[in-house]
Amino acid sequence: MDTDPPLQLRVFDLNCWAIRYLSKVRQERIGMIGDTLSQEGFDLALLQEVWSERDYCELKQKLTACYPYSHYFKSGVIGSGFCMFSRYPILDTFLYQYSLNGYPYMLQHGDWFCGKAVGLLIIKICGIIFHVYVTHLLAEYCRDKDAYLPHRVVQAWELAQFIQHTSKGADVVLLGGDLNMHPGDIGIRLLRGWTGLRDSFADADRFEGCEDGYTLVPANCFTVNKELQPFPLGIRIDYILYKGLSRFVVKCDSLVTTTGTAPGKSIPYSDHEAVIATLSVQRREEAKGSSGSAVGPELVDVVNEARAEVRVRLHAAERQRYSNGRMASLALLLLLLQAAMGLSSLAGWDSPQPFPKFSSSLLSLLATVVLLLWMGLYVFHTIEVRVLQGTEEQMRLALQVLQDKLSSM
């Protein structure tokens, strides 16, 4: 029987698409976001793609009266891009950077330089401990040939493990962010199945916004419609997930998504739609068992499917590592031959030079560049292989534990 009135919590989540010099009307949109947050008075605001710390400082200055507590997470070369604003005191923060995050030579995407991660804020509201997570996973640039799918699966697994291991002292767990996964994708099924997190869109008593909760829609003037060709109505990749632990139960009273232009404006807040959830947190009279993931055949199948994706990429990464190592070895051999010819000339041996000095120097420079490039790629793919091997082993052990639990039920 419930003893206390439920706590109402309003959570705002948005991928702000605020890339300096690249995002359209960035400063105007950042101002619009700040105005909306100050007027609406949400309890928590979870923002992604705030790539400029100057933009964060402007938001912080504008929102100090409404949100006296905030934090900006820093990682990678250009930063994680996400931050949180809270009406309640922040007790602690932590950042975990994902082990795999795309490829450094994919310069047109830039994900590797961002240092994609998950940020954790611990806050206390009316005696209830909230562990609030914000994240932004690796983007999907091509649905049919998704080269980043294995990396995204690894990120989803690490996110699930991170939440599972850091939320043991929490009463309520919240996760918001751009997960770059459709609701039925293997990564989101793995994340929800392993952690027991609930989807605010699926569980909301009332919903208002874009059809099926889509957060990338063709009606948005900043959306690249070419990317949505397989999905003419839009896609849903931004989420607010939650669960209550032990003595608490959480439900979603309402969920709202923005639908294009901001109120009274001619442009939207971002190329993504904002997600706004109103959550109700109820304290139970007696503590229940942990509301973690339910062990069942479905979870075993999901982990098996994720493990298969990891293994496919592992074999490909091993082949790439071997190829890069071979190219680096050939370049090193060519440099050694060049050095040997140079030493023989210094020693006074009368041997005809097969190349003019300029050509020889140019060949040495080319061999050096090739050696450094392929050695760098060899090191990168070696790290990738190690991470994939470790993840595959973790999943193997997890499957063994799950199967043992199923057999004992």
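Side-chain atoms are counted along with the backbone in the values below, which use heavy atoms only and exclude waters and symmetry mates. Since the model is a prediction, treat every value here as computed from it, not as a measurement.
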Engineer: Of Pro6, Ser200, Ser280, which is the lone residue that meets side-chain contact (heavy atoms from CB on, under 4.5 Å) with Asp253?
Structural biologist: Ser280

Engineer: Do any N or O atoms from the side chain of Arg283 and from the backbone of Phe248 form a donor-acceptor pair under 3.5 angstrom?
Structural biologist: no

Engineer: Using a 3.5 Å distance criterion without hydrogens, assess whether the side chain of Asp185 forms a donor-acceptor pair with backbone atoms of Gly187.
Structural biologist: no

Engineer: Taking the basic N atoms (NZ, or NE/NH1/NH2) and the acidic carboxylate oxygens, is any pair closer than 4.0 Å for Arg10 and Glu40?
Structural biologist: yes

Engineer: Report the C-alpha distance between Glu384 and His151 in whole Å, list the side-chain angles of each, state the deciding distance to 0.1 Å, and finish with yes or no for side-chain hydrogen bond (donor to acceptor under 3.5 Å, both in side chains).
Structural biologist: CA-CA 9 Å; Glu384 184 186 20; His151 283 207; 2.7 Å; yes

Engineer: Checking side-chain contact (heavy atoms from CB on, under 4.5 Å) between Glu273 and each of Leu14, Leu216, Val217, which is the one that passes?
Structural biologist: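 Among Leu14, Leu216, Val217, the one that satisfies the side-chain contact (heavy atoms from CB on, under 4.5 Å) with Glu273 is Val217.
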
Engineer: Can we say Asp43 and Arg87 salt-bridge, meaning some charged N sits less than 4.0 Å from an Asp/Glu carboxylate O?
Structural biologist: yes

Engineer: With distance as the sole test, does Asn220 use its side chain to make a donor-acceptor pair with the main-chain N or O of Gly260 at under 3.5 Å?
Structural biologist: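 No; zero donor-acceptor contacts below 3.5 Å.
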
Engineer: Atom NZ of residue position Lys60 - does it have more than 12 heavy atoms of other residues, nucleotides or ligands inside 6.0 Å?
Structural biologist: no

Engineer: Quick one, Tyr239 with Thr215, criterion side-chain hydrogen bond (donor to acceptor under 3.5 Å, both in side chains). Give me CA distance, side-chain angles, the key distance, then yes/no.
Structural biologist: CA-CA 9 Å; Tyr239 298 82; Thr215 56; over 6 Å; no

Engineer: Assess whether side-chain hydrogen bond (donor to acceptor under 3.5 Å, both in side chains) is satisfied between Gln161 and Trp194, documenting all intermediate values.
Structural biologist: CA-CA 8 Å; Gln161 292 283 70; Trp194 192 256; 2.9 Å; yes

Engineer: Start with the C-alpha gap between Ser254 and Glu208, add the side-chain angles, then the distance that decides, and say whether side-chain hydrogen bond (donor to acceptor under 3.5 Å, both in side chains) holds.
Structural biologist: CA-CA 8 Å; Ser254 69; Glu208 180 182 344; over 6 Å; no

Engineer: So Tyr103 and His381, would you call those rings parallel, tilted or perpendicular, with 30° and 60° as cut-offs?
Structural biologist: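 Correct class here is tilted.
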
Engineer: Indicate, with yes or no, if the rings of Tyr141 and Tyr148 have centres closer together than 6.0 Å.
Structural biologist: yes

Engineer: May I ask you to test the Asp178-His272 pair for a side-chain heavy-atom distance under 4.5 Å?
Structural biologist: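 Yes. Closest side-chain heavy atoms under 4.5 Å.
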
Engineer: Is it the case that over 12 heavy atoms from other parts of the model lie below 6.0 angstrom from the OH atom of Tyr105?
Structural biologist: yes

Engineer: May I ask you to say whether Asp55 pairs ionically with Arg26, meaning some side-chain N is under 4.0 Å from a carboxylate O?
Structural biologist: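 Answer for the salt bridge query: yes.
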
Engineer: Short question: side chain of Arg284, backbone of Arg247 - any donor-acceptor pair under 3.5 Å?
Structural biologist: no

Engineer: Angle between ring planes, Tyr56 versus Phe85, binned at 30° and 60°: parallel, tilted or perpendicular?
Structural biologist: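 Taking Phe85 first and then Tyr56, their aromatic rings sit tilted (interplane angle of 30° to 60°).
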
Engineer: Under a 3.5 Å distance rule, please check whether Thr36 uses its side chain to pair with a backbone N or O of Ile33 as donor and acceptor.
Structural biologist: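 Answer holds: no.
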
Engineer: Any salt bridge linking Arg236 with Asp199? Criterion: basic side-chain nitrogen under 4.0 Å from a carboxylate oxygen.
Structural biologist: yes

Engineer: Is the CZ atom of Arg198 crowded by more than 12 outside heavy atoms at less than 6.0 Å?
Structural biologist: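 Result for CZ/Arg198: open.
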
Engineer: Thinking salt bridges, do Asp146 and Arg152 make one under a 4.0 Å N-O criterion?
Structural biologist: yes

Engineer: Sub-3.5 Å donor-acceptor pair from the side chain of Lys74 to the main-chain atoms of Ser80, do we have one?
Structural biologist: no

Engineer: Quickly, which of Leu190, Val118, Val154 forms a side-chain contact (heavy atoms from CB on, under 4.5 Å) with Leu159? Name it, please.
Structural biologist: Val118

Engineer: Under the rule for side chain to side chain donor-acceptor pair (under 3.5 Å), what residues qualify as partners of Ser86, not counting sequence neighbours?
Structural biologist: none

Engineer: Determine, for Glu393 against Arg396, whether the closest basic-nitrogen to carboxylate-oxygen distance falls under 4.0 angstrom.
Structural biologist: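 Yes, charged N to carboxylate O under 4.0 Å.
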
Engineer: Look at atom CZ of Arg143 and say whether more than 12 heavy atoms of other residues, nucleotides or ligands are closer to it than 6.0 Å.
Structural biologist: yes

